[in-house]
There are 2 protein chains.
Amino acid sequence: MTISPSAVDGAVSETAASQAFEAIKRDLIRGRFAAGEKLAISALKAEYQVGLSPLREALNRLSAYGLLEQHNQRGFRVPPLSEQELEDIARLRIQLECMALTQAMQQGDAEWESQLLAAQHRLLRADQQPSQVEQWEQAHLRFHRTLLAPCGSPWLLRFIGQLHDQFDRYRRLAPPNPAIRAQLDAQHSELVEMALDRRIQDARSLLEQHIQLSWQVAQGATGC
Amino acid sequence: MTISPSAVDGAVSETAASQAFEAIKRDLIRGRFAAGEKLAISALKAEYQVGLSPLREALNRLSAYGLLEQHNQRGFRVPPLSEQELEDIARLRIQLECMALTQAMQQGDAEWESQLLAAQHRLLRADQQPSQVEQWEQAHLRFHRTLLAPCGSPWLLRFIGQLHDQFDRYRRLAPPNPAIRAQLDAQHSELVEMALDRRIQDARSLLEQHIQLSWQVAQGATGC
DNA sequence: GGTTTTGAAATAATCGATTTTTTGCGACTA
DNA sequence: TAGTCGCAAAAAATCGATTATTTCAAAACC
């Protein structure tokens, strides 16, 4: 058997389409494109160094995921931002993540506790340099994923991840607020403490506050 | 200005890709393909009368939607069925749909009540012929959509729709159970009554029973 | 005998070119 | 002068062919 790249590094070899999907997804959440902007496919082709077919496949996936709008015969658009949609996303995040957190705390085992502490540590360390935003964002996403991971519901986690990406689109466009940011950082550690102690009600209510505080920051996105 | 087809009938003109998406989606939910089956792209090309590019775009969308699994360099597969996943889907449906129902009953107006009665009537009428399953399925889906429509949360409705499609994949594969079916039909009318009277608690608990009863039917899918 | 290698066939992914549809703008008209 | 019309340019969608990767069965090896 010829050894495929996937057998070497354990990861499945990526196609041009899947690489383009990941890259464009990242840039959409990052706020690289203006809300409402129409994507110029030939320009994207050059920027992401990818052919037309894989590019279109990536854009189709992103549309089904909700990070793009697809209009028949008139291409792809970046969805507009609205205060109202942000409210929808934030409220739903609270509902779904609190649901998942409860189940995670009931079902999480020692292995989970370890991974949660590891994720917390990575988040604290990544926090230092303001130049490496992308590093922190990745650690932050991973922290929240780890927190809810053992909830036992793949579909719930899927929806939460999707909403998180939508929410981050707003948050990352908003002007930073150091005071609130410090509070949010503190809450991450408090969440870990409560999770380890299985203080379900406390953790739920803190997670709700956490999302509401982020929401407050994210609201700055629709102002500009 | 040349009058485009869309300007005539009010609908946006469809592309080959979007038509293929709808057709294959319908067939996946219908159970036309075996669970776990690998899709033969060249065969699909012939069956859906569509070229390779639009077909692949449709399959990419379906993967992002969750009705297919995409594995890099090895094509598309129909997701396997499992008792466990069905449980996940059903439980989450209960949570999300009860949430939406509460809000819909609080916010629904007279127009909603009219549309709900209309949807109920269509469902009862479609029920008659056992030959036209597809008609009933459409009316049924529409009834449940109408019931929750005024909840005010587009994202919640999106997730509910997605879960409903997943659930139906199981339900439609399961052997029919006339006794339970009669109960389910009765519940639809009861739900309308409670919705009109704004008996929120009653309606929530009935909707939960309704989903649990459907779940019982759907469990027959993993047996065969 | 069981495992590994090999290579042809099958399949997936991508490319380049073509077709179809929309868009933008200037001329025409009431 | 506001509203149509028509045409050229631009963009989207699709096609047909090509390239890359996987699969599978037979041959070689230990």
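Throughout, a chain's letter reflects where its sequence line sits, starting with A, and its residues are numbered from 1. Computed over heavy atoms, backbone and side chain alike; hydrogens, waters and symmetry mates excluded. Everything numeric here is computed off the predicted structure, so don't read it as measured data.
- To the nearest angstrom, C1' of D/dT21 lies 14 Å from CD1 of B/Ile41.
- Taking atom NZ of A/Lys45 as the reference point, atom C1' of C/dT14 lies 12 Å away to the nearest angstrom.
- Not a single salt bridge (charged side-chain N to carboxylate O under 4.0 Å, His left out) links B/Glu85 to another residue, sequence neighbours left out.
- B/Gln103 pairs by the side chain to side chain donor-acceptor pair (under 3.5 Å) definition with nothing, not counting sequence neighbours.
- Across all strands shown, B/Leu39 has heavy atoms under 4.0 Å from sugar-phosphate atoms exclusively, and none from any base.
- Applying the salt bridge (charged side-chain N to carboxylate O under 4.0 Å, His left out) rule to A/Arg61 yields no partners; only residues at least two apart in sequence or on another chain are considered.
- Contacts of B/Trp215 classified as ring-ring contact (aromatic ring centres under 6.0 Å, His included), with partners at least two apart in sequence or in another chain: none.
- Residue-level contact check: A/Ala17 touches the backbone only, with heavy atoms under 4.0 Å from sugar-phosphate atoms and none from bases.
- Seen from the ring of B/Phe143, B/Arg122 does not count as a face-on cation partner, given the 6.0 Å and 45° thresholds.
- The CD-P distance, from A/Gln73 to D/dA11, rounds to 16 Å in whole Å.
- Distances were taken from every side-chain heavy atom of A/Phe76 (C-beta onward) to each of C/dT14, D/dA13, C/dT22; the shortest belongs to D/dA13.
- With the nearest nucleotide of DNA chain D identified for both B/Gln49 and B/Lys38, B/Gln49 has the one nearer the 5' end.
- As a whole-Å value, the separation of A/Leu59 CG from D/dA13 C1' is 13 Å.
- Looking at residues two or more places apart in sequence or on another chain, you find a salt bridge (charged side-chain N to carboxylate O under 4.0 Å, His left out) between B/Glu113 and B/Arg198.
- A straight line from CG of B/Leu68 to C1' of C/dA12 spans 15 Å, rounded to a whole angstrom.
- Taking a 4.0 Å limit (strictly below) on heavy-atom distances, residues 51-58 of chain A reaches DNA chain D at A/Leu52, A/Arg56.
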